[in-house]
Amino acid sequence: MFNKYKNGSKVIVYGTGKNNGKFYKNVPATVIEVDPYYRDYHLKFKDGTEDWLSEEHLRKPYTKRKKRS
């Protein structure tokens, strides 16, 4: 099973977290681990907080999203 983001990689978050429901808008984070069953990512933010997010809310730095038509 392959993951899109490896442990220790930098990502940009744009979405709602699963722990406390906080909305993150273009916040940089680091991947700590990946849940193999739910395929969620455990992320650590710059301020020291941690949260779980889905892969659809993450992107690599310096990339643009494709528009859905």
Atom [atom1] in [X], atom [atom2] in [Y]: separation rounded to 0.5 Å?
| X | Y | atom1 | atom2 | answer |
| --- | --- | --- | --- | --- |
| Thr30 | Glu50 | OG1 | CD | 10.5 Å |
| Thr49 | Lys22 | OG1 | NZ | 6.0 Å |
| Ile32 | Leu43 | CD1 | CG | 7.0 Å |
| His57 | Tyr14 | NE2 | OH | 11.0 Å |

>> Taking the basic N atoms (NZ, or NE/NH1/NH2) and the acidic carboxylate oxygens, is any pair closer than 4.0 Å for Lys18 and Asp40?
In response: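 Yes, this pair counts.
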>> Check this for me: Lys6, atom NZ, are more than 12 non-hydrogen atoms of other residues, nucleotides or ligands nearer than 6.0 Å?
In response: yes
> So which heavy atom on Asn26 is nearest to which on Ile12, and how close?
Replying inline: CA-CG2, 3.8 Å
>> If I compare all heavy atoms of Pro28 with all of Phe45, which pair ends up nearest, and what's the gap?
In response: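 Nearest pair, atom of Pro28 first, then Phe45: O-CD2, 3.7 Å.
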>> If you apply the rule side chain to side chain contact (heavy atoms under 4.5 Å, CB included), what do you find for Arg39 with Asn3, and how did you get there?
In response: CA-CA 8 Å; Arg39 301 201 36 103; Asn3 297 325; 3.7 Å; yes
> Which of parallel (below 30°), tilted (30 to 60°) and perpendicular (above 60°) describes Tyr5 and Tyr41?
Replying inline: perpendicular
> Using the ring of each side chain (for Trp, its six-membered ring), is Trp52 parallel, tilted or perpendicular to His42, with breaks at 30° and 60°?
Replying inline: parallel
>> Check whether Asp51 reaches the backbone of Asn19 with its side chain - one donor and one acceptor, N or O, closer than 3.5 Å.
In response: yes
